[in-house]
Amino acid sequence: QVHLTESGGGSAQSGGSLNLDCEVSGLMYSSFCLGWVRQSTGTEHELVATIDSNDATKYSDSVKGRFAITQDNAKNTLHLRMNSLKPEDTAMYYCVATRMTCDYYYLWQVSNFGHWGQGTQVTVSS
């Protein structure tokens with residue numbers, strides 16, 4: 001069974017940086033996709049970054065150039081480095097996983113991911 005446990009997050013000033021980590025267990029597949037989804041109050045979930053088993057990454061336009069997703073296979077952890085934070089980055093961030101490709105049927109979307117962590121809050125003040 002896949003378990004995803006987020007840590008990190010917290011509060012930062014606009015322009016600051018934060019790191020998110022996710023401990024991944026039970027993902028016993030040779031190919032997979034890991035990612036981060038966020039949800040702000042009153043909005044839909046947004047897929048912000050993914051990385052697959054070949055270390056290929058993809059980002060939403062809203063975070064491209066500011067966020068970096070990496071994985072440490074030896075430690076079974078997923079990371080999200082968030083730089084140049086903006087107040088609109090304020091959200092609950094979820095670690096997500098799937099055994100499918102990141103763009104299943106050529107669609108890069110939240111519904112591709114069947115495994116979710118509990119989430120960690122990120123708050124950016126202006």
Side-chain angles (χ1 to χ4, degrees):
Q1 192 168 359
V2 178
H3 288 286
L4 307 170
T5 306
E6 302 95 339
S7 60
S11 300
Q13 295 284 330
S14 181
S17 298
L18 285 172
N19 292 315
L20 301 183
D21 299 308
C22 176
E23 181 179 336
V24 181
S25 63
L27 196 63
M28 309 294 283
Y29 310 121
S30 58
S31 64
F32 56 82
C33 177
L34 299 172
W36 293 93
V37 168
R38 69 184 182 186
Q39 185 179 32
S40 303
T41 302
T43 68
E44 296 184 354
H45 291 100
E46 177 190 10
L47 182 60
V48 297
T50 59
I51 187 167
D52 68 14
S53 47
N54 295 314
D55 280 337
T57 60
K58 187 170 182 176
Y59 300 90
S60 66
D61 289 342
S62 61
V63 307
K64 194 174 297 181
R66 300 188 298 120
F67 289 13
I69 186 170
T70 57
Q71 60 182 333
D72 184 335
N73 292 324
K75 297 182 179 180
N76 294 323
T77 55
L78 177 70
H79 308 284
L80 186 68
R81 172 69 177 179
M82 303 183 292
N83 296 321
S84 302
L85 284 164
K86 305 175 181 180
E88 50 263 44
D89 293 319
T90 295
M92 184 70 79
Y93 284 72
Y94 299 92
C95 176
V96 294
T98 179
R99 63 178 297 181
M100 307 300 181
T101 59
C102 294
D103 54 351
Y104 189 61
Y105 278 102
Y106 304 103
L107 296 174
W108 193 73
Q109 58 187 2
V110 172
S111 60
N112 290 351
F113 298 89
H115 303 289
W116 291 59
Q118 293 299 306
T120 186
Q121 179 67 35
V122 170
T123 302
V124 183
S125 56
S126 57

Applying the 4.5 Å side-chain criterion to the ILVMFWY set and letting contacts propagate, would [X] and [Y] be lumped into a single cluster?
{"X": "Val124", "Y": "Leu80", "value": "yes"}
{"X": "Ile69", "Y": "Leu18", "value": "yes"}
{"X": "Val48", "Y": "Val24", "value": "yes"}
{"X": "Leu47", "Y": "Leu34", "value": "no"}
{"X": "Val37", "Y": "Leu85", "value": "no"}

Exercise for the section: Identify, with sequence neighbours excluded, every residue that meets side chain to side chain contact (heavy atoms under 4.5 Å, CB included) alongside Ala56. Expected result: Asp52
With a 4.5 Å heavy-atom cut-off, do [X] and [Y] have their side chains touching?
{"X": "Trp116", "Y": "Val110", "value": "yes"}
{"X": "Ser62", "Y": "Glu46", "value": "yes"}
{"X": "Asp21", "Y": "Thr77", "value": "no"}
{"X": "Arg38", "Y": "Val63", "value": "yes"}
{"X": "Met92", "Y": "Thr41", "value": "no"}
{"X": "Leu20", "Y": "Met82", "value": "yes"}
{"X": "Phe113", "Y": "Thr50", "value": "yes"}
{"X": "Cys33", "Y": "Met100", "value": "no"}

Exercise for the section: For atom CZ of Arg81, decide whether the heavy atoms of other residues, nucleotides or ligands shown that lie under 6.0 angstrom number more than 12. Expected result: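 Enclosed.
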Tell me if a side-chain donor or acceptor on [X] pairs with a main-chain N or O of [Y] at a distance below 3.5 Å.
{"X": "Asn19", "Y": "His79", "value": "no"}
{"X": "Thr123", "Y": "Ser11", "value": "no"}
{"X": "Thr98", "Y": "Asn112", "value": "yes"}

Shortest non-hydrogen contact from [X] toward [Y]:
{"X": "Ser53", "Y": "Ser31", "answer": "OG-CA, 3.3 Å"}
{"X": "Ala91", "Y": "Ser40", "answer": "CB-OG, 3.6 Å"}
{"X": "His45", "Y": "Gln39", "answer": "NE2-OE1, 3.1 Å"}

Show me the donor-acceptor pairs, under 3.5 Å and distance only, between side chains in residues 2-10 and residues at least two apart or in other chains.
residue: Glu6; atom: OE1; partner: Gln118; partner atom: N; Å: 3.1
residue: Glu6; atom: OE1; partner: Gly119; partner atom: N; Å: 2.9
residue: Glu6; atom: OE2; partner: Cys95; partner atom: N; Å: 2.8
residue: Glu6; atom: OE2; partner: Gly119; partner atom: N; Å: 3.1

Practice task
Please name all residues satisfying ring-ring contact (aromatic ring centres under 6.0 Å, His included) with Trp108, sequence neighbours left out, ordered by chain then number.
Solution key: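 Per chain and number, Trp108 pairs via ring-ring contact (aromatic ring centres under 6.0 Å, His included) with no residue.
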Practice task
I would like to know whether Tyr93 and Trp36 meet ring-ring contact (aromatic ring centres under 6.0 Å, His included); could you show each step before the answer?
Solution key: CA-CA 7 Å; Tyr93 284 72; Trp36 293 93; 7.3 Å; no
Atom [atom1] of [X] and atom [atom2] of [Y]: how far apart are they, to the nearest 0.5 Å?
{"X": "Leu27", "Y": "Asn76", "atom1": "CG", "atom2": "CG", "result": "8.5 Å"}
{"X": "Ser126", "Y": "Lys86", "atom1": "OG", "atom2": "NZ", "result": "13.5 Å"}
{"X": "Phe32", "Y": "Thr101", "atom1": "CZ", "atom2": "OG1", "result": "13.0 Å"}

Handout entry: Asp89 and Arg66 ion-paired at < 4.0 Å
Key = yes
